[in-house]
2 protein chains.
Amino acid sequence: MRQSEKEQRLHAFGRVCRDRGLSFTPQRRAILGAILDLNNHPTADQVHAALARRRPRVSRATVFRTLEAFARAGIISKACHPGSAVRYDWRTETHHHMVCLRCDRVMDFADPRLDALAVPDTRTFGFVVSELRVQLRGTCRRCRQLEDRR
Amino acid sequence: MRQSEKEQRLHAFGRVCRDRGLSFTPQRRAILGAILDLNNHPTADQVHAALARRRPRVSRATVFRTLEAFARAGIISKACHPGSAVRYDWRTETHHHMVCLRCDRVMDFADPRLDALAVPDTRTFGFVVSELRVQLRGTCRRCRQLEDRR
DNA sequence: TTAAGTGCAAAAGCTTTGCGGGTAG
DNA sequence: CTACCCGCAAAGCTTTTGCACTTAA
């Protein structure tokens, strides 16, 4: 992501935070910056590691609390995956994912045809759908290469 | 699930295990029985809890090891979810999920129209798709009711 | 018979919480 | 000023691992 785009996004995040009644502290700005830089559905720990040698110092607890609070407020979202640690996604708009079933990697996949799919009726389940997303399950390049070597 | 259907499925699981070179011990039979009974994408711990007062005794470590081994062998699968503990699914064939973003509950959703969707081309990513699944993200009945009460 | 599976207990990894002190708005 | 936020450290979940013993095939 270009620096200018990043600054622009951070600025937008600040505005949304205040709209939602959350303060936009230097720590929170750093956390959002890190998730934009990583850009690949990191865990809270990966975000914390990325910030380790940077100013301002951000504690592990703050990273966990902040990411969770932002997700609850809809400022960021959570990615669905088959693994065992919450994965965060700075994108909140509908998009799609390729999910590697070997290494749990999640990659974005854009496709307007998929965006246009009609949401099926789930009323009988009492379930209200906010969005439809497609998941392409399979094997990523790296995992296939590892496999081939054997 | 009817008792007869469950027995039939357990029998089929036994056959697949042996085909894959995995032995079908009483513990493993019990674990698969529990995941069929629960029927709702349980965590390893939930499977273990369901077996707590039953024979044969199954240790927590065995539950974790077994579910992981079965998933790797394709005997069961993992559900994709936004939470922080692996969720197992005794269904391995393509199907779809409603995912509650408040409580992380995962519910099955069947729709032949969705099953028929064409898999997009992901070659440029080096990603090989094994199946396409749809995820309906939203809020389940229980969570909406809890919300309404406030 | 023996390779594979199991239980136990300890360690490692992930997440939440309570509290005293700090700061954004 | 004051409600919200932060760091720290401890506790609570989830998952893996090493090892000695057992068992399915």
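By convention in this document, chain letters (A, B, ...) are assigned in the order of the sequence lines, proteins followed by strands, and residues within each chain are numbered from 1.
Where B/A44 and B/P26 each meet DNA chain D at their nearest nucleotide, the meeting point lying more 5' is that of B/A44. Looking at which nucleotide of DNA chain D each of B/T25 and B/Y88 is closest to, the 5′-most match is held by B/Y88. Along DNA chain C, the nucleotide nearest to B/S84 and the one nearest to B/Q27 differ in position, and the one closer to the 5' end is contacted by B/Q27.
Side-chain contact between A/F70 and A/R28 is present, with heavy atoms from C-beta onward closer than 4.5 Å.
Taking atom CG on A/L67 and atom C1' on C/dC14, their separation rounds to 13 Å, with Å as the unit. As a whole-Å value, the separation of B/K78 NZ from D/dT15 P is 9 Å. Residue B/D45 contributes atom CG, which lies 7 Å from atom C1' of D/dT14 at whole-angstrom precision. Per the geometry, CZ belonging to A/R28 stands 14 Å off C1' belonging to D/dG7, to the nearest Å. Here the P atom of nucleotide D/dC4 and the CZ atom of A/F24 are 19 Å apart, to the nearest Å. With rounding to whole Å, B/R29 atom CZ is found 18 Å from D/dT23 atom P. In this structure, CZ of B/F64 is placed 9 Å from C1' of D/dC13, rounded to the nearest angstrom. Counting to the nearest Å, the C1' atom of D/dC5 and the CZ atom of A/R20 are 19 Å from each other.
For A/R18, the listed nucleotide lying nearest its side chain is C/dG25; candidates were C/dC8, C/dT15, C/dG25. Nearest to the side-chain atoms of B/T62 among the listed nucleotides C/dT15, C/dG7, D/dA25 stands C/dG7.
If you check every strand for non-hydrogen atoms under 4.0 Å, B/A61 touches a base. Across all strands shown, B/T66 has heavy atoms under 4.0 Å from sugar-phosphate atoms exclusively, and none from any base. Within 4.0 Å (heavy atoms only), B/R65 reaches at least one base atom of the nucleic acid.
Residue A/S23 has a polar side-chain atom (N or O) positioned under 4.0 Å from OP1 or OP2 of D/dC5.
The aromatic rings of A/H81 and B/H81 sit tilted relative to each other, their planes meeting at an angle between 30° and 60°.
By the 4.0 Å N-to-carboxylate-O rule, A/R9 lies close enough to A/E5 to be salt-bridged with it.
Side chains of A/T94 and A/E131: a donor on one and an acceptor on the other come within 3.5 Å.
In summary, of the residues considered (B/V134, B/L136, B/D108, B/V106), a side-chain contact (heavy atoms from CB on, under 4.5 Å) with B/M98 occurs for B/L136 alone.
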